[in-house]
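Structure record follows, encoded as structure tokens.
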Amino acid sequence: MMFAGVIWSEIGQATLETLYMVGVSTLLAVILGLPLGVVLYLCAPGSLLENRWVYQAASVVVNIVRSVPFIILLIAIIPLTEWLVGTSIGVNAAIVPLVVGAAPFYARIAETSFREVDPGVIEAAQAMGASVWQVIFRVLLPESRPGLIAGATITAVTLISYSAMSGVIGGGGLGDLAVRYGYERFETNVMLITTAVMVVLVQVLQWLGDRAALYFARRSR
Amino acid sequence: MMFAGVIWSEIGQATLETLYMVGVSTLLAVILGLPLGVVLYLCAPGSLLENRWVYQAASVVVNIVRSVPFIILLIAIIPLTEWLVGTSIGVNAAIVPLVVGAAPFYARIAETSFREVDPGVIEAAQAMGASVWQVIFRVLLPESRPGLIAGATITAVTLISYSAMSGVIGGGGLGDLAVRYGYERFETNVMLITTAVMVVLVQVLQWLGDRAALYFARRSR
Amino acid sequence: AKHAKHKQTVVLKVGAVPTPHAEILNFIKPELAKEGINLQVVVFNDYIQPNRALASGQLDANYFQHVPYLEDYNKKNGTHLVPTVSVHFEPLGLYPGKSKSLKDIPDGATIAVPNDTTNEARALLLLQSIGLIRLKQPANLQETVHDIVSNPHHIKIEEIDAAAIPRVKRDVNFAVINGNYAIQAGYHIQDALAAEKANSLAARTFANVIVVRQGDQNKPAIVALDKAITSPAVRKFIESHYHGSVVPIFLRYDPNGKIVGEIH
Amino acid sequence: MISLQNVTLTYRTGHRLIPALRDVSLEVHAGEVFGIIGYSGAGKSTLLRCINLLERPQSGQVWVDGVDLLSLRKRELQKQRKKIGMIFQHFHLLNSATVRDNILFPLRLAKTPVAEAERRVAELLELVGLTGYERHYPSQLSGGQKQRVAIARALANFPKVLLCDEATSALDPETTQSILDLLREIHRQFGVTVVMVTHEISVVQRVCHRVAVMDQGRMVEVGRVVDVFLRPQAEVTRRLLGWTNAEGVGADLPEQVFREGTLVCELAMAGEAAQSPLLFQAAREAGVTCSILRGTVDAIQDTPFARMVVAWYGDAKQVQAAVRRLEAHGAAVRWLNKAERMLAADEAGMK
Amino acid sequence: MISLQNVTLTYRTGHRLIPALRDVSLEVHAGEVFGIIGYSGAGKSTLLRCINLLERPQSGQVWVDGVDLLSLRKRELQKQRKKIGMIFQHFHLLNSATVRDNILFPLRLAKTPVAEAERRVAELLELVGLTGYERHYPSQLSGGQKQRVAIARALANFPKVLLCDEATSALDPETTQSILDLLREIHRQFGVTVVMVTHEISVVQRVCHRVAVMDQGRMVEVGRVVDVFLRPQAEVTRRLLGWTNAEGVGADLPEQVFREGTLVCELAMAGEAAQSPLLFQAAREAGVTCSILRGTVDAIQDTPFARMVVAWYGDAKQVQAAVRRLEAHGAAVRWLNKAERMLAADEAGMK
Ligand SMILES: Nc1ncnc2c1ncn2[C@@H]1O[C@H](COP(=O)(O)OP(=O)(O)OP(=O)(O)O)[C@@H](O)[C@H]1O
Ligand SMILES: Nc1ncnc2c1ncn2[C@@H]1O[C@H](COP(=O)(O)OP(=O)(O)OP(=O)(O)O)[C@@H](O)[C@H]1O
Ligand SMILES: [Mg+2]
Ligand SMILES: [Mg+2]
């Protein structure tokens, strides 16, 4: 409790770091994962652009990334990280592996959502002469919006807990604080506080995600 | 390369451990996550059993578990682990935190799948006098089967990479091997081999999951 | 039933982290087997669990920590674990990164240090010992970056996971690396710009010890373990195997963690 | 059997309120086949969904089989609903279940013994002409086949009340006929009460005892089918039934018929009068000729029923006489176009 | 305009092969309104879906507007499809888009300028009677309203070919009429070619030039509507059209009609004969009386058309004479029940 002052400011700092890391990496994961999910969906057997090879290739890449333990991924892509953000340490460097890890995850979730879209509606668009791009942008994405939003929420929440591991390369954030003070130094109260902050963050995130998904689902049912 | 023999047998052992850990914990995560997902779906605002309090309670529990970094979860539930499996180290002890971590994750995925079920079909069941239980077992679960299977696949794959962290409590498995040799000992070739085995595992899993999901989706479209 | 005339085999479960601890334990496995002791090495990837498991009786001994860490653990968790003998010491070294020499250290240089409690403190003490910074309580093993009272070069301390430091070394000016990680990453202690001295106070303080539950010190199996792991064969194994990144140091402790003598 | 009292239901769509039901009251007697007709969007489906409380009205009362449904607790409502079969406008089949399992669904809910349930499924498949399709999934069926599965499902449990929302809309005339025969058969055997929403006037004629007409959420007319069809009171009913509106346009009649100054009227007749050559007798006797421009002779239940648009050729007064004769036999007459005015002018000239 | 040659399509459902189309050939001329009727499950929807290759036949050729669609590459097929509007049996609206955006969809695909597209949407909403519903989502519409949105969507781009699958099945008679008027209007203005699958015989009568009859995946009859309806060749056609089958049962006629030994026949007449009181003149002149048991007088396009079931009272020979007279005027006659045998016996007795 002596250094409570220090800790509080550190928690504030860590909260900002977490928000930044998770915000940016969720955004990027969605931006990268969505096209990948579209490819997985479209090239799957029996789908619009059925293509064994592209599907298998995309699937293998996704599976490789997803099966590698995060800490190894973190190390393995350091060259990529350095090339992209110029350094391999710190918050920005942490975002790269978070994105690389989360994008394939989101791609799978998006793929699952796309599969739930009524094939009749896609067929109707095709009958009107829509190109594949138009089917994607004007049918697939809007029709699966509730699922995509719920999926983004799941991804963001997962990233909050993943970001704890970014401490390995000095990424900071709440999770790192919780691990270092709480786990390694047995400062239970610090652990509790940081965890509480994380729970609040997740709760807010989930609430927002639910609202958005429900908003779109209500209209489209 | 000198200890290649040792390593190969270790990899065999670790593969079995991973299969065991991931298999059992996926199964348990689905068994626990599914009812939780049903509760989240049914009690959500505007749904069958709309119940603000139950929904909020379930949602908060899920969010707490999901927001806590896995390593802290691992430690925090050690009393539970000891009570359940009698020890806090080893493969069996590792399964408990894996399940606790994955069940809420699966619950969210299941919830998302349930939301995609055509409300008209649920209404038809209600019109026939189906009770809530009957709606769950005879409509909700069968109708969302492709989504639930795809979700279980996502969960299992996530668990494969999560299980790497079980090394913290001596859980073993491929991920642990990869971290220990690859990350801590800089034995790149061991890391590559173990990772390759994991990729193969994931690939097989994904293939099975896709087949199953497609099988059910084909029929129901 | 065939082996009934043999001495009953005793299972001895010892928790350890992989390098070099588990390797050293595996080295003495045959030796102990001759005495009818079946040594089982439980490998951990972590510094908390081996103590927990030992305290709760799931292990008979562990070998991964130094005495200050053990005392800290006992104090915070109310456990009664005691050291018996020390085996080795892994000196921390300060390695060059972007900057090649300490002489032309740039203003605002970044130095990567391990982010776990004791290693971080040791790293800071090492930096203090070469005059780069000054700490509030020089002997405290819980010093963090918040305890730096003087920092003339405006050095920026980056707290990184110990095993990741070799991998990010080229993005910092200097890096403090644990001996075991340095050798695994292909660096030699000789490359270090500064290092904890092998016969220093640091070495005696941070020597890695065999730890058991209080009262178990004199159990025959433990005594045999202590004897085997402080044998000349082990000394030779360590010296030939780790090239100075791991240094043998065989000390005997009393139940209070005080050094009572050296083993020759 | 079914009694709705002052039922009101308004949908809210964010930016607008849509009063789907405005103060609707309705009595359906036990064992009756009751039709509901009305324009698209009139509130027919909504009304039907209020009867088994799939939609809870904002005010009013709903009684089915002597039970006030709105006062029931969930479990009791479920029990009541088991007695009410429903065929949905959009079928709402279980996509993940085969045809057989879809029909088994209500039987399983009712815990029917397996052997009996299987027998019943085979029987129902036979009835709707889908034997051999047991193992198909809904996605593998044509539109009409899906509808027939929905019909079979609704009938499985021998419901006491059957709610049909456009139950034959996707079916060809012969299949429709066989379904209607089936309904009539069930109705006779089990005395089931049927409420059917439909836009096919001929369906109402063939099976309904009474009919209600809805317009913009209101019930504008209720009565025996013969009465409503013979002498519709509301303008909406007339438009729904007829080939002609007040101006005789939209009747698809050749325009010269009106231009030439011919007298054109709409005739509706029920009973013996409908089938017998009354029209031509009357014309012959009055010394005029007539021609049927459009018309149907059909039956409402077992009563012959005819509606036609007739053009008269001859002296206005004699035409009047012929028409009076028809009216005397119970025909409902409505003059189209300017015929009324012409006749009035004629009479005025006489005075 | 549309030409299908020897098209074959078989669905495979795992345990069974379902031949949905067996060697079907079809010519639809430019500017024609072409009807397809048949029992539920006959393959009508499948055939329609082959025209724009939503379903690729396993063999055969598909030509639309002089282009061999099966030979086209994807991009060219898309271009061709923009000219083909389609109304689906199950609507297939975008659930996430408002009514307005659903209708805008094809306009956006065709890159119509915004202002013009907006104007077109307003116009179409007006046409289908949904002005004010722009911002509703499909889930907030009634069944008929959804169908009307689908119709508006299909018409948005002034298609050269319009494929309609039960486009009016969920609509009340008046709305159906107004949609048909709309179709006819579009047809006249833009010369669009229309292929419509329907089970409403009256719809075929009112708008189609030619009609094809399908049965179990085969095309059993094709011809001008008047011809097919006047003299149906295939048994299926007769059953689809008629109130009566060969035995006169299922005709919903009172049974005593047959028991009394009355002669009953089915009559079909087209042109002037249909409207004029020919029937009664013939009866009067032959000295017999007759009664219309069931019947309609309507028009096929602009040709009057009548079909009726008539009971004759009087001497068999005189009845024969009356009927011959009708036949001389182009009437198609089919004796029902035992009438044929009775007449034959009578003639035999005469010899
Ligand atoms: N969920 C809803 N939200 C908002 N408005 C609705 C909803 N459901 C129906 N409506 C509106 O309520 C009115 C009545 O709808 P209803 O489905 O009862 O019509 P209907 O008589 O069955 O028409 P149809 O013959 O076209 O099926 C319509 O104007 C419709 O737009
Ligand atoms: N996807 C499919 N898989 C398997 N069988 C199918 C599939 N689609 C249609 N069929 C079968 O093909 C046959 C023809 O179907 P189609 O939809 O063309 O009938 P239809 O003439 O349009 O009938 P309806 O009037 O009932 O809509 C039916 O027997 C149907 O069961
Ligand atoms: Mg409706
Ligand atoms: Mg069809």
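All chains are named by letter (A, B, ...) in the order of the sequence lines, taking the proteins before the strands, and each is independently numbered beginning at 1.
- Contacts of Ile18(D) with chain E are made by side-chain atoms alone, with heavy-atom separations under 4.5 Å and no backbone atom involved.
- With chain D as the partner, the residue from Lys44(E), Gln145(E), Arg135(E), Gln281(E) showing the most heavy-atom pairs under 4.5 Å is Arg135(E).
- Put simply, of Gly129(D), Gly144(D), Ala42(D), Gly43(D), the one with the most heavy-atom pairs under 4.5 Å next to chain E is Gly144(D).
- Both the backbone and the side chain of Ser291(E) come within contact range of chain D, with heavy atoms under 4.5 Å apart.
- Taking Gly143(D), Ser178(D), Ala20(D) one by one and counting their heavy-atom pairs under 4.5 Å with chain E, the maximum is reached by Gly143(D).
- Residue Ser40(D) touches chain E through both its backbone and its side chain, counting heavy-atom pairs closer than 4.5 Å.
- For a residue to count as touching a neighbouring chain, one of its non-hydrogen atoms must lie under 4.5 Å from one of that chain's; by this rule Lys146(D) touches chain E with the side chain only.
- The closest side-chain heavy-atom distance from Val288(E) to Tyr313(E) is not below 4.5 Å.
- Neither the backbone nor the side chain of Ser45(D) comes within contact range of chain E; no heavy atom of the residue lies under 4.5 Å from a heavy atom of that chain.
- Within the 4.5 angstrom heavy-atom criterion, only side-chain atoms of Gln89(D), from C-beta onward, approach chain E.
- In this structure, His199(D) and Thr168(E) approach most closely via the heavy-atom pair NE2-O, 4.4 Å.
- Interface residue Tyr133(D): backbone and side-chain heavy atoms are both found under 4.5 Å from chain E.
- Contacts of Glu200(D) with chain E are made by side-chain atoms alone, with heavy-atom separations under 4.5 Å and no backbone atom involved.
- Of the listed residues (Ser142(D), Cys290(D), Ser169(D)), the greatest number of heavy-atom pairs within a distance under 4.5 Å of chain E belongs to Ser169(D).
- The residue among Ile292(E), Thr175(E), Val297(E) with the most heavy atom pairs within less than 4.5 Å of chain D is Val297(E).
- Contact annotation for Ile201(E): only side-chain heavy atoms (C-beta onward) come within less than 4.5 Å of a heavy atom of chain D.
- When Arg238(E), Arg294(E), Arg307(E) are each tested for a side chain to side chain donor-acceptor pair (under 3.5 Å) with Glu266(E), only one passes: Arg307(E).
- Using a 4.5 Å heavy-atom cutoff, the side chains of Thr296(D) and Met308(D) are not in contact.
- No side-chain donor-acceptor contact under 3.5 Å links Arg49(E) to the backbone of Glu55(E).
- Heavy atoms closer than 4.5 Å to chain E are found nowhere in Tyr11(D), neither backbone nor side chain.
- The ring of Phe91(E) has its center closer than 6.0 angstrom to the ring center of His90(D).
- Contact check for Met196(E) versus Leu183(E): side-chain heavy atoms found under the 4.5 Å cut-off.
- Of all heavy-atom pairs spanning Ala286(E) and Ala322(E), the tightest one is CB-CB, 3.7 Å.
- Among the candidates Ala283(E), Ala306(E), Gly132(E), the residue making the largest number of heavy-atom pairs closer than 4.5 Å to chain D is Gly132(E).
- Rounded to the nearest 0.5 angstrom, Asp215(E) CG and Leu240(E) CG are separated by 8.0 Å.
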How far apart are the C-alpha atoms of Leu141(D) and Val149(D), what are their side-chain angles, what is the distance that settles it, and do they pass the side-chain contact (heavy atoms from CB on, under 4.5 Å) test?
CA-CA 10 Å; Leu141(D) 298 177; Val149(D) 176; 3.8 Å; yes
